[in-house]
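Take a look at the structure below.
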Protein chains: 2
Amino acid sequence: MTNANQQAVPPGISRLAALAPLTPAARQALDLAARQARTVKARGELQVEGREIRAPMILLSGWACRAFNLADGRRQIASLLLPGDLIGMYNHEAPIANASVIALTEVVVCEAPQPREAADLGGLAEAYAISAALDQAYLLRNITRLGRMDAYERIGNWLLELRERLALAGIGSSNQFPMPLTQEVMADTLGLTSVHINRTLQQMRKDNLIALQNGVITLADPARLATLADHHPACVTAAGSRPEG
Amino acid sequence: MTNANQQAVPPGISRLAALAPLTPAARQALDLAARQARTVKARGELQVEGREIRAPMILLSGWACRAFNLADGRRQIASLLLPGDLIGMYNHEAPIANASVIALTEVVVCEAPQPREAADLGGLAEAYAISAALDQAYLLRNITRLGRMDAYERIGNWLLELRERLALAGIGSSNQFPMPLTQEVMADTLGLTSVHINRTLQQMRKDNLIALQNGVITLADPARLATLADHHPACVTAAGSRPEG
DNA sequence: CGACGGTTTGACAATCATCAAATACAGTGG
DNA sequence: CCACTGTATTTGATGATTGTCAAACCGTCG
């Protein structure tokens, strides 16, 4: 049963399963879809702004983003897409992509199974809905970061958010996780320049808040960082203790 | 048939009807819901961050926002809510508000009818879905504004977006619309200070791009402004020429 | 008239961007 | 194994956009 293409269970599937209890049928639909996976190299376009969306996708592994380019070359990454995130999932007819989706690392994606069939396919629709709500919550947080936080806070807050999101997909531990992004990409995500990212990261290292080795970031004192950067975990449903506290 | 509580058709209903073709039944459900309207004064809270959402609402008239407060008093308005916008509409169980929703002017809201009954209730679900997609599109744009535009561009881009959104609800004309917000609220929306908003608005007046009298803003040259501020209208569906060009 | 919220103005400070170059690092080919 | 190339990180010097603080002004309302 092990799939040659990937590890036993791609992180993306783990995340969806963690969002809502799935029936065996739903789980099977996901596994089946994941078997039809497609690999895209870093910098590849998963979705083109303004173009009609053929089918929604699940990001099984790797990092991607929704990006915008201004006329003069400035770029803003509106959100990062991590394993388990849905790409181009809309509930209306003939949806058009409202952003370009770009692979930041090599990524693996598959088509997202439609939950409509067979009485909701057991919680799949619920998982999608929770994923959508989380997506929105993180967009709102990103707006707050960009609008009202300084560079130091932005980075700190953002790192804690990454930890939280990656944890859902079973990636990383309580105080460290992979960081495959260049400082330039971080800059485009946080609305800063790569030079300023670099200097601020150095400061955070001096302050013994973070450490970075071999593409793995370590948060030395997440609690203190959370206070400094005004971070609170996202929570979108009161049902069970499902998403996380 | 005219409703004592409101004008014949509240702008919020017009917008939803403009998003997707509604069957008479759907239309009737909306009109019925609108009759149970509730008025909230400026500064009133429509939704409290972290609290469970009882029922989704439609903003029938007036302006509101989704706001965040940082520990030290800084505030960020993540998005404005205009007539026809949906408040707290999620598709999962026991949703929790991920932001505070605050009335910026006196607003009128009603409960949003559930589209699930009776075979989708004729396009109501479609209208909701398109509204959700537009909401997301505008969040992404706001992120781009905050992350990569200077004060002048932010304001210009934002004004054009307001014009576009208000037009859907039948509010304003091709080059002017009401502006009930204080410069302080504009500042919290655009990630600036009210002082800087004030100075930048003055500059835009000198440049003959905008004029402001009695709470009505006039865009003297929307095309030039669109070029300066890198603005492109939002489009979320390829179906018909529905939302707008 | 006085109080109040909002706008406007001025002087100054600070964060962050810009420009340019040096350094480190990884992969490639000789 | 070592130059070689390209990308990413780091550093320095300088300037611009925007924030901060404080006060004046203005219209409205009681």
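So that the names make sense, note that chain A is the first sequence line, chain B the second, and so on, each numbered from 1.
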Where along residues 142-160 of chain A does a heavy atom come under 4.0 Å from DNA chain C, residue by residue in number order?
-> A:Asp150, A:Ala151
If we fit an axis to the first five pairs and another to the last five of the helix from C:dC1-D:dG30 to C:dG30-D:dC1, what angle do they make, to the nearest 10°?
-> 30°
Leading and trailing nucleotides of DNA chain D with any atom under 4.0 Å from heavy atoms of chain A | D:dA8 to D:dA13
Can you find a heavy atom in the side chain of [X] that is under 4.5 Å from one in the side chain of [Y]?
| X | Y | answer |
| --- | --- | --- |
| A:Gln47 | A:Ile53 | yes |
| A:Arg165 | A:Leu134 | no |
| B:Gln136 | A:Leu139 | yes |

Quick check: closest heavy atoms across [X] and [Y], and the distance to 0.1 Å?
| X | Y | result |
| --- | --- | --- |
| A:Thr189 | A:Asn142 | O-OD1, 4.2 Å |
| B:Ile171 | B:Pro11 | CD1-CB, 3.9 Å |
| B:Leu146 | B:Gln76 | CD1-NE2, 4.0 Å |
| A:Ile210 | A:Leu159 | CG2-CD1, 4.0 Å |
| A:Leu190 | A:Arg154 | O-NH1, 2.7 Å |

Near DNA chain D, under 4.0 Å by heavy atom, which residues of residues 195-202 of chain A?
-> A:Val195, A:Asn198, A:Arg199, A:Gln202
So, with a heavy-atom separation below 4.0 Å from DNA chain D, the residues of residues 175-194 of chain A are A:Thr182, A:Gln183
Provide the start and end nucleotides, 5' to 3', of the part of DNA chain C that has atoms under 4.0 Å from heavy atoms of chain A.
-> C:dC16 to C:dC19
Quick one: list whatever passes side chain to side chain donor-acceptor pair (under 3.5 Å) with [X], sequence neighbours left out.
| X | answer |
| --- | --- |
| B:Asn198 | B:Gln183, B:Gln202 |
| A:Ser131 | A:Arg15 |
| A:Glu111 | none |

From CA spacing to verdict: side chain to side chain contact (heavy atoms under 4.5 Å, CB included), A:Val216, A:Phe177 | CA-CA 6 Å; A:Val216 172; A:Phe177 55 86; over 6 Å; no
Tell me which pairs pass salt bridge (charged side-chain N to carboxylate O under 4.0 Å, His left out) where either residue lies in [range], with sequence neighbours left out.
| range | value |
| --- | --- |
| residues 171-194 of chain A | A:Arg75-A:Asp188, A:Asp188-B:Arg148 |
| residues 51-70 of chain B | B:Arg66-B:Asp135 |
| residues 220-234 of chain B | B:Asp221-B:Arg224 |

Check ion pair B:Arg74-A:Glu153 (N to O, under 4.0 angstrom) = yes
What do the steps show when you test A:Ile58 against A:Leu86 for side chain to side chain contact (heavy atoms under 4.5 Å, CB included), and what is the final call?
-> CA-CA 5 Å; A:Ile58 299 172; A:Leu86 302 170; 3.8 Å; yes
